[in-house]
Each structure stands twice: as C-alpha cells, then as structure tokens.
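Just below is one structure, and these are the notes that go with it.
Letters go in sequence order (proteins before strands), and every chain restarts at 1. Values below: every heavy atom of this structure, side chains too, minus hydrogens, waters and symmetry copies.
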2 protein chains.
Amino acid sequence: MTEEAKKLRDYEARLREAGVRITRPRRAILQILSETADHPDAMEIFQRALSIDPTISLSTVYRTMKLLEDKGEIQRHAFAGGPSRFEQAAGEHHDHLIDLDTGDVIEFHSERIEQLQDEIARRLGYDIVYHRLELYGRKRKSR
Amino acid sequence: MTEEAKKLRDYEARLREAGVRITRPRRAILQILSETADHPDAMEIFQRALSIDPTISLSTVYRTMKLLEDKGEIQRHAFAGGPSRFEQAAGEHHDHLIDLDTGDVIEFHSERIEQLQDEIARRLGYDIVYHRLELYGRKRKSR
DNA sequence: ATCCTTGCAAAGCCTTTGCACCTGG
DNA sequence: CCAGGTGCAAAGGCTTTGCAAGGAT
C-alpha cells in the first residue's frame, strides 16, 4: 500500500469517527490532500479535485477546508494579499520562508532555533504550546 | 518634546528625504501611527485619522500604508479572515510571547535566533526583509 | 508649472451564504 | 428515510484602481 493510500484511509477513518460523512466531493479533496506535499490554496485544490470529481464546486472546497481545519486535520496559513494556503497538520513541525515577490512558500526546520525558543520561554516563566516563525524575503540577487 | 512628537518628526524627515510628499492626509496618518502602540487595521486608522483630517478617505489610508510598508516604516500582518493589521517598524526589533490564558503579550529579543534565521535564509538563497516569530504558551506551573 | 496625490465610485479578489435539490449511512 | 451536504449564484468583506480635480515643491 502506498504512502498516499495510507494517509487517505486514515483521513477517512478519523473523520468518520468524528461523525463526518464521507461524500464524493470530500473523498476527492482528501485524496488531493493526501497526494500533495505543497501548500495549495482553495482554487488550486478545486482544480486538482476536478479531475477526480468533475462536478465538485469551489464552495464545497471552502466548506471542506473549514471543516478539516476545525477537526485539526489541516492548518490554514494567511498571507498578505493572496488567498489562504492549506497544509496537512500531520507530519513533523516546520517553519516557513515566504518569497515576497512570488508568494512561494519554502519549508525549513532548525532544531537550534527551537531550543533557543524553549530557553527564552523558560527564562520568562512559560512553557511553549506552539509557535509560529515566518521569514519574509527576496531571492538574493548578487554574489 | 514628547515621545510621539519626536516619532512624528522623524517619520516626516525620513519620508521627505526619500522624496515623499508630506500631504495633509499623510501627516494625519503619521500622527496616528506615532501615537498608537497597538496593531490597528486600515479601517481603524481611517476612523482615528478622521478626527484630525475630516476629509481623508479610506483609499488614501490604504495607499499610504502600502507606501509606508515599501519604505520600511511599518509592517503588515495578515490574519485569516480579517483585515491586515499594521505595526510601526521603528524602534528596535522584538518578537512576541503570547500568554494563551490571559492574552498578555511579552516582548523579547534574541540576537542568536536572528543570526540563525539569516543563516537559514542565506542557505536557501534568500535575503530576509522581515520576519515574524510568535511563541504561544502558558505560565509554567511546577518547579 | 509640473507631477504627484487625493476623493470618489466602481471594480476586483477571495470567501461565505441562501436556497432548493441530492445523498450517505 | 431524512439530517446533513451539495451546486449554483448572489452577496459580503477587504483592498485596489481609473479618473478628474486638487495640492506640494
């Protein structure tokens, strides 16, 4: 069984358990999400889903994204100017570098930074529950 | 001279030097920004500015915010659902630790983290224009 | 005098919603 | 069966833009 098929099966199982009906449009969206590794926006998900279920509507994509967000299955990222982008909540933590010119989102992870964050919080008397680190930048031109 | 008046004078000086005309609406907006310590959105800035310049328009607020963002005077923060909120870039940089129980915001700064961020961006081929680091946590109970 | 800036209204994006028809369990 | 989900189209926020009039240098 492929990795994607496993993810898809888990999605459906968890949602069904939470009392969510697995309809044809939802199955299509879940399949897209299980196959994708990037940060698509609603329109991109919609267009990819069309090839699986040609009758799906953009409204349903939006409604399903809200549902999945509430269930903790995906995360919504808001960026200035453009539409929200969605990402599977599963998987290990990472942060984001956003290209100011293109809107591209690059993932990265630094254990050292995570450690420093913990240290700072501890010094201030806090335990971190979660955090958000976003770098906004431009492709370096020279050199 | 008050702190706000100083900030206002600096705003105008820097902008004028950059070839920006200091018009009545812009002066009103700069005054609002120099007096404010929170993160207002465009509509809030517009309404506060009305009491200084009753003829100002919302479009001008938006245009001015874009201008100030380009000049590096303010930062724009995007939130899912709601409007963008703006914050003065002036002063030394700091990050935020948000208390999940009380909503308290604690400012902190770590030069080491900043260095690591630059390093990561450089490795990915980018120059950081600005960043956003927010820790969400709870007061540590034991020990 | 020149060119930038403004106010207004209209348009543009992204997202949500009302409604009548479907459908999954 | 029937509560919940769907597609469609219309409405809703927030933001940008075209244009002619106004203002800063």
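- Checked against salt bridge (charged side-chain N to carboxylate O under 4.0 Å, His left out), A/E4 has no partners two or more places apart in sequence or in another chain.
- Here B/E134 pairs with B/R132 under the salt bridge (charged side-chain N to carboxylate O under 4.0 Å, His left out) rule; sequence neighbours left out.
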Side-chain donor-acceptor distances from residues 28-42 of chain B under 3.5 Å, at least two apart:
from	atom 1	to	atom 2	distance (Å)
B/Q31	NE2	B/E35	OE2	3.2
B/S34	OG	B/L30	O	3.3
B/S34	OG	B/Q31	O	2.8
B/T36	OG1	B/D38	OD1	2.5
B/T36	OG1	B/R48	NH1	2.9
B/D38	OD2	B/R48	NH2	3.3
B/H39	NE2	B/E87	OE2	3.2
B/D41	OD1	B/M43	N	3.1
B/D41	OD1	B/E44	N	2.9

Quick test: give all pairs of protein nitrogen or oxygen and nucleotides 13-16 of chain D nitrogen or oxygen below 3.5 Å, distance rounded to 0.1 Å.
from	atom 1	to	atom 2	distance (Å)
D/dT15	OP1	B/S84	N	2.9
D/dT15	OP1	B/S84	OG	3.4
D/dT15	OP2	B/Y62	OH	2.3
D/dT15	O5'	B/Y62	OH	3.3

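- Over its full length, the helix from C/dA1-D/dT25 to C/dG25-D/dC1 turns its helical axis through 40°, comparing axes from the five pairs at each end and rounding to 10°.
- Scored by the side-chain hydrogen bond (donor to acceptor under 3.5 Å, both in side chains) test, A/R76 finds A/E69 as partners (sequence neighbours excluded).
- Side-chain contacts under 4.5 Å among hydrophobic residues (ILVMFWY), followed directly or transitively, place B/F79 with no other residue at all.
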Please write out each protein N/O paired with an N/O of nucleotides 21-25 of chain D under 3.5 Å, distance rounded to 0.1 Å.
from	atom 1	to	atom 2	distance (Å)
D/dG23	N2	B/R21	NH1	2.9
D/dT25	OP1	B/R16	NH1	3.1

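- Residues that satisfy the side-chain hydrogen bond (donor to acceptor under 3.5 Å, both in side chains) test with B/R21, not counting sequence neighbours, are absent from this structure.
- By the ring-ring contact (aromatic ring centres under 6.0 Å, His included) test, B/Y130 pairs with A/Y136, sequence neighbours left out.
- For A/D104, the salt bridge (charged side-chain N to carboxylate O under 4.0 Å, His left out) criterion is met by no residue, not counting sequence neighbours.
- For A/D99, the salt bridge (charged side-chain N to carboxylate O under 4.0 Å, His left out) test picks out no residue, with sequence neighbours left out.
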